[in-house]
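Each ligand, and each atom within it, is numbered from 1 in the order the structure gives. Hydrogens, waters and symmetry mates play no part in the numbers below; they use all other heavy atoms, side chains included. Values in this document were obtained by computation on a predicted structure and should not be read as measured data. Positions are given from 1 along the sequence.
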Amino acid sequence: MTIQPEAYVQSDTPDAAIKRESTPYDGAKAELSAGLLDPSASISPKYLYDTMGSKLFEALCLLPEYYPTRTEEAIIAANAASIASAVGPGRTLIDLGAGNCAKAALLFPMLQPRHYVPIDISKTFLEQAAAQLQRRYPQMRITPLAQDFSHELSLPASVGTEHRVFFYPGSSIGNFSPDEASAFLRRLRQACQADGGVLLGIDLIKNPTLLRAAYDDAIGLTSAFNLNLLRNVNCLLDSDFNVDDWVHEARFNSHEQCMQMYLKARHAVTVRWPGGQRLFTTHETIHTENSYKYTVPSFIQLLAGAGFAHAQIWTDEHNWFAMVHARAA
Ligand SMILES: C[S@@+](CC[C@H](N)C(=O)[O-])C[C@H]1O[C@@H](n2cnc3c(N)ncnc32)[C@H](O)[C@@H]1O
């Protein structure tokens, strides 16, 4: 069985060579420029993940403060048989934002997918993770796709349309607002047949003190993860962000039950890039991530609105996190 990376930017310019290394998304310049020029400046969280960002994320998953990864992994480990039985054997498991593919690998022994399709914007990191997994499971068909799925999900014909299950762990669905999440789930519903389904990890509403610590840890890994985004943006946009000018900030928006990450200017600074520039005043911010928290009923309602039913839920002893499987209605 072979690994076939199937989608990435092709160009011979040195700038694009850096782009190939960091992200397959070729609309980056326009999107980043528009976000920086917006009165409330923002950069999509997908730009947190160049190779360095993926490695920093992998490290921060080990932090005592970062409960989501270990809680979700414990839920999978404790319920692998039951999750596998709900999902069913012989599926095409499409792992959205697969990262190091570790959570899917936890499911493999029980789930035995027919085809594993990890998708991630962080191309080099994805390919290394998929190659490692292929060595562990030489018989399994693995097709990594370096792709930005935020605007559209483009699956090659080699990924059959039957028995698709979209696996979206890590509470990444929380990076979308509830309206955006609903639209994204509707797109997943359109991308599968009546035999399809979803298996998602969602972060549940909890004590804000726990949330704040998870997004602003004591040794500053989350800060490094957030600040590294500026280096990725410099590569993609040819901008001149100086990381020293910015500071990481995590806020809890209680009205929206949403953790938010920002980068705050330490002092007035002008950032320039080809075709644009922006003066940021002292303490002005760039919004870099939302992480919406859900209740199980509110999430099931979101799934129902998108065309998924028969939800099965697995959670942990503290009700901090939930895995949800639902079938195409
Ligand atoms: C929070 S991490 C989760 C990683 C892994 N699934 C886990 O649960 O530990 C989000 C992952 O999604 C990827 N990602 C984020 N936005 C993406 C996008 N628009 N298209 C493709 N991959 C994306 C990132 O590169 C990263 O690996």
Item to complete: Measure up the F184 and F149 rings against each other and bin them: parallel (under 30°), tilted (30 to 60°), perpendicular (over 60°).
Response: tilted
Discussion item. Checking the N or O distance criterion of under 3.5 Å, is ligand 1 in contact with D148?
Written reply: yes
Worksheet item: Is D120 close to ligand 1, meaning an N/O of one under 3.5 Å from an N/O of the other?
Response: yes
Practice prompt. Look at atom 12 (O) of ligand 1 and say which protein heavy atom is nearest, naming residue and atom and giving the distance to 0.1 Å.
Written response: G97 CA, 3.2 Å
Worksheet item: Are the aromatic rings of Y49 and F125 close, with centres under 6.0 Å apart?
Response: no
Worksheet item: When clusters are formed by joining ILVMFWY residues with side-chain heavy atoms under 4.5 Å apart, either directly or through shared neighbours, do F225 and F252 land in the same one?
Response: yes
Practice prompt. Check ligand 1 against K103 and write out every atom of the ligand that is under 4.0 Å from a heavy-atom position of the residue.
Written response: 7 (C), 8 (O), 9 (O)
Discussion item. Closer than 4.0 Å to some heavy atom of G99 - which atoms of ligand 1 meet that?
Written reply: 27 (O)
Worksheet item: If you draw a 6.0 Å radius around CZ in R70, do more than 12 non-hydrogen atoms from other residues or ligands fall strictly inside?
Response: yes
Discussion item. What protein heavy atom lies closest to atom 21 (C) of ligand 1? Include the residue and the distance to one decimal.
Written reply: Q147 O, 3.0 Å
Worksheet item: Going by the order shown, which atoms of ligand 1 are within less than 4.0 Å of some heavy atom of S150?
Response: 19 (N)
Item to complete: Kindly indicate whether a cation-pi arrangement holds for R278 with F280, taking the cut-offs as under 6.0 Å to the six-membered ring centre and within 45° of the axis.
Response: yes
Fill in: Within reach of ligand 1, part of F125 (heavy-atom separation under 4.0 Å)
neither
Practice prompt. Could you tell me the residue and atom name of the protein heavy atom closest to atom 23 (C) of ligand 1, and the distance to it rounded to 0.1 Å?
Written response: I121 CG2, 3.7 Å
